Amino acid sequence: MTRKLLSAFAVLFLATFLSSSVRAGDFGLDPSFAPTFAFPDHDVDNSIGDIFVQTDGKVMVGGTFTAVNGEPVLYLARLNSDGTRDTTFNAALQSTAVGQVRTVVQLPDGKYFITGRFQIGFTFPYYLRLNPDGSIDNTFAGATAGSKIEPLPDGRFMVCGSRLINNETHWISHRLTADGTPDPSFRITSATGSCLDLAVQTDGKVIISASFQNPNNSYQERVQRFNSDGTRDMSFSGHNFDSIARKIKLLPNGKVMVAYDFSSGQNNYSKIFRLNSDGSLDREFATCGVNSSTTTAFLPLDDGSVMMSGCSKWSTGPVYQFSKTRTDGSIQPDLDNISVTGNIKEIESAGNGKYYVYGLFSQINGVSRARIARLQPYTAPIKAKFDFDGDGRSDISVFRPSDRYWYINQSTAGGFFFPWGLSTDKPFASDYDNDGKYDPGMVRASTWYLLTSSTGYGYDHFQLGLEQGKPMGGDFDGDNKHDWAMRRSNLSGANWLVTLNAQRGFSYATESIPGEAEEDLPVVGDFDGDGRDEIGSFSRGNWKTRDYAPGAPTSDFRWGLVGDIPTPGDYDGDGITDFAIYRPSRGEWWINQSRDGVFAATFGLDGDIPVPADYDGDGKTDIAIFRNGEWWQFLSATGTFSAQQWGLPGDIPIPAQ
């Protein structure tokens, strides 16, 4: 193989393939943090109300609970980083029918400020300041009512809530002095409405979300900014939505994130919006929808992305209980597979890339978690395609129609061969029993025949699809398990039959790609990087891809020319399938990497069969071709070539697309 094997493109090719591999990861439960809580039976809103993550890794937790890890504890507890209770902290709170802690913060002097509903002796304060050991700081006047408080650098406190004075004055927001007494220099008063959230800027100005109204009962802007003396800052437009702004958070660049609840006239959805520093709508940020039946929770990160719960990728698609957006509000697809029984109320950073989630849920990913859990990055083991021995590397393999044998050269377990199928069968392979090893299979007419590695290559078969269908495989529902698919012809052109979990009792989904024709080449891959493979087609350089879910939109992409062969794969190791083609007329590869950009290489001759796969197990697809029983590969892990004989002319290479 000397002609046109490697051209001047190789310099770019080598530099690209030798870069480090970064795999997209998901999140899972941190098993080292599993506290339990007990709640009173009569309270329908039994939840964790707020947490505060201390710099030493301990966590203050407030809510309606009456026990922690089986021990009696009322409403407030300090947990160690392993979920055990810090017994050096004991809040002096009394049992009451309406007892709860809504918010908790730690002050610079080590004391704590909490809001909620309490009973202390014969009084019922809404705010308390506690000493570091949980005893009550009696130097603080705690009779003010409200829902949220924000400590100020000078020792004062900004309050989101109301207070009744002489049975007359209703405050939307006010300020307290360091000893808890009202500061008369800042009060926002309204005859109706209430404060829902507030945030204090570094310059002392306060942004408040409230449901207050004008005298004619028309809604004012739901988000307003006030100067430090309580006068309204008219330079802040407060983008006006006819809806409730429940949460606001400041971003490091001065912009503001707001969660609005829309009425049924606007699809019963909550939405997260980003406002510019002047209050105008930042139209560069278009987040996903948040279903109104879920609790809106979001945590802006320093890089401009947002951790979020209740996010919906499209109007008819699934709601992701834990996801991450890019800086423009679109879903970053490596975080979207957390399953929550109940609602996440808030998300807080735990440091080291971990996050606390808390609220009203009882389980996460099927594991019991009482209202609070810690999530940590989780990267699923890399499953190389066409890996028959489960060592994470694709294996060289062929089916020989002339003798009806499979010949598999396993990278670790060695070569073996066996008779399987008829010369007219369509060979395929995928990990259909989900044991980490690929299984050989044949499609004959509409019947699928399998040899499953988990059963010692026991025989199984089932009926699916039509005789003229093409077997395909992928993980279409994002559960890290292989599913079956068949692209078949129909009267209108072509459609796809997708089954989930590839096991008995699977569910069917029959979907079409608009504009797909029978002669188009079917492709499968995770082209949008959401952890789920999409169905797709290639024709004359035009790619069409879409999720299998009913109503999912179709994406179009232009890459290639007439006569090209699609060779999709994850060539840069970022977990996203790249659009790639092999051009037989010139022996060229053109790959549009999702992370590392475009590169091209000449590797092969006209008539060669492209067989891209991860032969070296580094998480990147390797360029490779099959020629009459010869295998030529460029291994991205080492930047070296590999050539070996495995097969004969007329064999069908299993890794061929």
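Nothing here was measured: the structure is a model prediction, and the numbers come from that model.
Between S539 and D520, the side chains place a donor N or O and an acceptor N or O closer than 3.5 Å (distance only, hydrogens not considered). Side-chain contact annotation: D387 with S394, donor-acceptor N/O pair under 3.5 Å absent. Using modelled atom types and a 3.5 Å distance limit, the side chains of T621 and D570 yield no donor-acceptor pair. Donor-acceptor pairing under 3.5 Å is lacking for the side chains of S397 and D395. No side-chain donor from either of W632 and Q644 sits under 3.5 Å from a side-chain acceptor of the other. For S453 and D435, the side-chain atoms include at least one donor-acceptor pair closer than 3.5 Å. With hydrogens and angles left out, the side-chain atoms of E588 and W590 include a donor and acceptor closer than 3.5 Å. Side-chain contact annotation: S32 with R374, donor-acceptor N/O pair under 3.5 Å present.
Remark: of the listed residues R488, R487, K544, R487 is the sole one forming a salt bridge (charged side-chain N to carboxylate O under 4.0 Å, His left out) with E516.
At distances below 3.5 Å, at least one donor-acceptor pair connects side-chain atoms of D622 with backbone N or O atoms of S636. In this structure, the side chain of T325 does not engage the main chain of S305 through any donor-acceptor pair within 3.5 Å. Proximity of a side-chain donor or acceptor of W646 to a complementary backbone N or O of Y407 within less than 3.5 Å is detected. A donor-acceptor pair under 3.5 Å is absent between the side-chain atoms of W448 and the main chain of G441, judged by distance alone. No donor-acceptor pair under 3.5 Å is formed between the side chain of D596 and the backbone N or O of Q593. Between the E511 side chain and the W496 main chain, no donor and acceptor come within less than 3.5 Å of each other. Of the possible polar contacts, none joining the N592 side chain to the F579 backbone as a donor-acceptor pair under 3.5 Å is found. Within the 3.5 Å criterion, the main-chain N or O of D475 finds a donor-acceptor partner in the side chain of D533. Here the side chain of D618 pairs a donor or acceptor atom with the backbone of K620 at under 3.5 angstrom. Checking side-chain atoms of D614 against main-chain N and O of A384 turns up no donor-acceptor pair under 3.5 Å.
Proximity of E630 to Q645: side-chain heavy atoms (C-beta onward) are separated by under 4.5 Å at one or more points. Residues P419 and R404 form no side-chain contact, since every pair of their non-hydrogen atoms from C-beta on lies 4.5 Å or further apart. Two residues are said to be in side-chain contact when any heavy atoms from C-beta on lie closer than 4.5 Å; Y438 and D389 fail this criterion.
Shortest non-hydrogen contact noted between P566 and W543 is CB-CH2, 3.6 Å.
Atoms CZ and CG, from R586 and D564 in turn, are 11.0 Å apart once rounded to the nearest 0.5 Å. Rounding to the nearest 0.5 Å gives a distance of 14.5 Å between CZ of F298 and CD1 of I344. The distance from atom OG of S594 to atom CG of D572, rounded to the nearest 0.5 Å, is 4.5 Å. Atom CG of N542 sits about 13.5 Å away from atom CH2 of W559, to the nearest 0.5 Å. Distance check: I609 CD1 to I652 CD1 gives 8.5 Å after rounding to the nearest 0.5 Å. Interatomic distance, CG of L299 versus CD1 of I347, reported as 6.5 Å (0.5 Å rounding).
At least one cation-pi condition fails for R369 and F361: the charged atom is not both under 6.0 angstrom from the six-membered ring centre and inside a 45 degree cone around its axis.
Using cut-offs of 30° and 60° on the angle between ring planes, the pair Y615 and W631 is perpendicular. Ring orientation note: the planes of F476 and Y548 are nearly perpendicular, at an angle over 60° on the 30°/60° scale. Aromatic ring orientation, Y405 versus F417: tilted (interplanar angle from 30° to 60°).
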Worked verdict on F27 versus F322 for ring-ring contact (aromatic ring centres under 6.0 Å, His included): CA-CA 9 Å; F27 269 54; F322 187 74; 5.7 Å; yes
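A salt bridge links K354 with D30: at least one charged nitrogen is closer than 4.0 Å to a carboxylate oxygen.
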